[in-house]
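One structure below.
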Amino acid sequence: MDQPSGSNQPQPLLDDNGSLSFEITDVEGECQNDSCHLDSESICQAKEELERWQKKLDKLDKEKVELTLQKLDADEKKNKAENELKIEQENSKHNRQKAEQSIKEMIHNKMQKYDKLKAELVQLENELQLKQDLCDSLCDKFKFKIKLPQMDMKFVKSKQNVPVDQETDEFLYTKGIYTIIPKMSVLLQNGQALITFEEEQVAHRIQRIGRHHVDLQSEKIQVNAYPVKLDATQHFQIHLDISMNKVRVSEIPDIIPEEQMRDKLEISFSKPSLGGGEVESINYFISSGTAEITFVDKWVARRVTELKKYPLLINGQVYCMLTVESITNSYLQKFQKFNGVCKRTLLLSDIKSTMEEEELQDKLKIHFQKPSKQGGEVEDINYVPKDKHRLVYLEEDSSEK
């Protein structure tokens, strides 16, 4: 007979931990109350079934506990990893900011150092230019580098006729005299000017006043006038004597003994067909490959030097071309060294103005030309603004010697 549904079946219950359990009631008693008869075999099967489900529940509870523990462990690791990542990000951000700040400071220091070095470079360049100008000025004083101008010369015969056999050594040279007058220089810098008047009296009056008040319309300035003291200069003459009967021969090859080469030179330079003439003597220097040849006729030397190259004959054939040049002798005379003061030129200093260079020069020129200011006609004026310098050369004239 079927069992009625109701409380006679085992009911699953939830314990305090949320696990399933079954409440076992006294089936036998209920069966007695309900007049039911169950055999012992059915009861055993029910108990076995109950135990099996209970084991499954225990296993599920154990797995749930393990999963819960794993979840808690994973959450803990996750939180730890997130915290470590956050700390690492903060450290990285801090290090990046620190590195950026360090780079900015380094760039700032480098820029400051660059600006400082640039300023020092400009200062050194200015000092170098100043010293270069001073060096040029000193070179002008103590060295003479002269390039003589090219000019046509006309040689005329002396009015005094002297027999050839009575000619002395002075008739064997073409003489040239060059008078050297070096330029005089003045270094202008930091608001100075040189002003040259046409008359000495005007320069003397301006110098005697000393301080001058100059009205530039846009501003008024004061300038001081000083005499220009020239450094020591030298005047001298260069005498140049050119031999008329001797020539210097170079690039002589060392191919035969000395005596043989001397003979070959005499034969070669004695050929009128080649431009030569009768040879008086030969001084041969085998070590340097040069020789000095003296001709009997003094005009032969001039003709040979005009050729510049002359053939060397060996065994009747042209072996090579020799270089021929004049023999000259130079010396100094009338060397004079003296100091002086410019009589028509004055130095204007302490010029403090923001006006343009050319405009200021015009204003100064106008001021010092006024008779009311004791001035007169100005021949030239040269102004150098502040923080600049310039080497100005003066030309010597009869009024300033």
Side-chain angles (χ1 to χ4, degrees), residues 139 142-180 236-335:
C139 287
F142 302 109
K143 291 185 179 180
F144 306 100
K145 184 178 180 181
I146 303 169
K147 184 177 180 181
L148 299 179
Q150 294 184 357
M151 60 181 66
D152 296 330
M153 295 185 181
K154 183 179 180 180
F155 295 88
V156 296
K157 187 177 181 181
S158 175
K159 294 182 180 180
Q160 181 181 4
N161 294 325
V162 180
V164 176
D165 57 349
Q166 296 181 12
E167 288 183 351
T168 59
D169 291 343
E170 63 178 332
F171 290 93
L172 300 178
Y173 292 92
T174 300
K175 296 181 178 292
I177 301 175
Y178 302 90
T179 302
I180 308 301
F236 56 91
Q237 289 181 348
I238 296 179
H239 289 247
L240 184 64
D241 296 342
I242 303 175
S243 177
M244 297 177 62
N245 67 335
K246 293 182 180 181
V247 296
R248 179 178 290 107
V249 181
S250 58
E251 301 179 6
I252 302 174
D254 184 12
I255 54 175
I256 55 178
E258 182 177 351
E259 290 298 328
Q260 294 183 20
M261 179 57 73
R262 185 178 287 106
D263 293 338
K264 299 299 182 184
L265 289 172
E266 183 175 356
I267 293 172
S268 299
F269 281 91
S270 298
K271 296 282 185 181
S273 60
L274 299 178
E278 185 179 355
V279 175
E280 180 178 318
S281 63
I282 295 179
N283 291 327
Y284 175 46
F285 310 99
I286 189 172
S287 59
S288 60
T290 61
E292 290 185 0
I293 300 177
T294 304
F295 296 95
V296 175
D297 187 353
K298 61 184 179 181
W299 298 108
V300 175
R302 177 181 177 185
R303 186 170 63 244
V304 170
T305 53
E306 288 177 350
L307 297 174
K308 296 184 179 179
K309 292 289 185 179
Y310 196 91
L312 173 64
L313 301 180
I314 297 180
N315 298 327
Q317 301 294 326
V318 177
Y319 181 81
C320 64
M321 300 298 290
L322 305 177
T323 300
V324 184
E325 56 186 353
S326 301
I327 295 179
T328 60
N329 180 30
S330 60
Y331 52 93
L332 296 181
Q333 279 191 354
K334 295 184 179 181
F335 184 87

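Here the structure is a predicted model, which is why all the values come from computation and not from measurement. One-based numbering along the sequence shown.
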Inset, instruction - Would you mind checking if Lys309 and Glu251 are paired as a salt bridge, meaning a charged N to carboxylate O distance below 4.0 Å? - result: yes
Legend entry - Donor-acceptor contact below 3.5 Å, side chain Arg303 vs main chain Gly275: yes
Inset, instruction - Verify, without hydrogens or angle tests, whether Ser268 (side chain) and Leu265 (backbone) share a donor-acceptor contact under 3.5 angstrom. - result: no
For a quick test of reading the model, state the closest non-hydrogen atom pair linking [X] to [Y] and the distance between them.
X: Ser326; Y: Ile242; value: CB-CG2, 3.9 Å
X: Leu240; Y: Ser330; value: CD1-CB, 4.0 Å
X: Lys246; Y: Ile327; value: CB-CD1, 3.7 Å
X: Val247; Y: Val324; value: CB-CG1, 3.9 Å

Inset, instruction - Give a yes-or-no answer on whether the side chains of Asn245 and Ser243 include a donor-acceptor pair shorter than 3.5 Å. - result: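 Ser243 and Asn245 do have a side-chain donor-acceptor pair below 3.5 Å.
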Legend entry - Distance-only donor-acceptor check, side chains Thr323 and Lys308, under 3.5 Å: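 Looking only at side-chain atoms, Lys308 and Thr323 do not form any donor-acceptor pair under 3.5 Å.
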Inset, instruction - Write out all pairs satisfying ring-ring contact (aromatic ring centres under 6.0 Å, His included) with one or both partners inside residues 264-311, taking only residues at least two apart or from two chains. - result: Phe269-Tyr310
Legend entry - Over 12 non-hydrogen atoms of neighbours within 6.0 angstrom of CD in Glu306: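 More than 12 heavy atoms, drawn from other residues, nucleotides or ligands, come within 6.0 Å of this atom.
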Legend entry - Heavy-atom neighbours of Glu278 CD exceed 12 at 6.0 Å: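 Atom CD in Glu278 is not crowded, with 12 or fewer foreign heavy atoms closer than 6.0 Å.
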Inset, instruction - Please lay out, stage by stage, how Asp254 and Ile286 fare under the test side chain to side chain contact (heavy atoms under 4.5 Å, CB included). - result: CA-CA 7 Å; Asp254 184 12; Ile286 189 172; 3.6 Å; yes
Legend entry - Those residues that, when tested against Arg262, pass salt bridge (charged side-chain N to carboxylate O under 4.0 Å, His left out) (two or more places apart):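 Arg262: salt bridge (charged side-chain N to carboxylate O under 4.0 Å, His left out) contacts with Glu258, Glu259.
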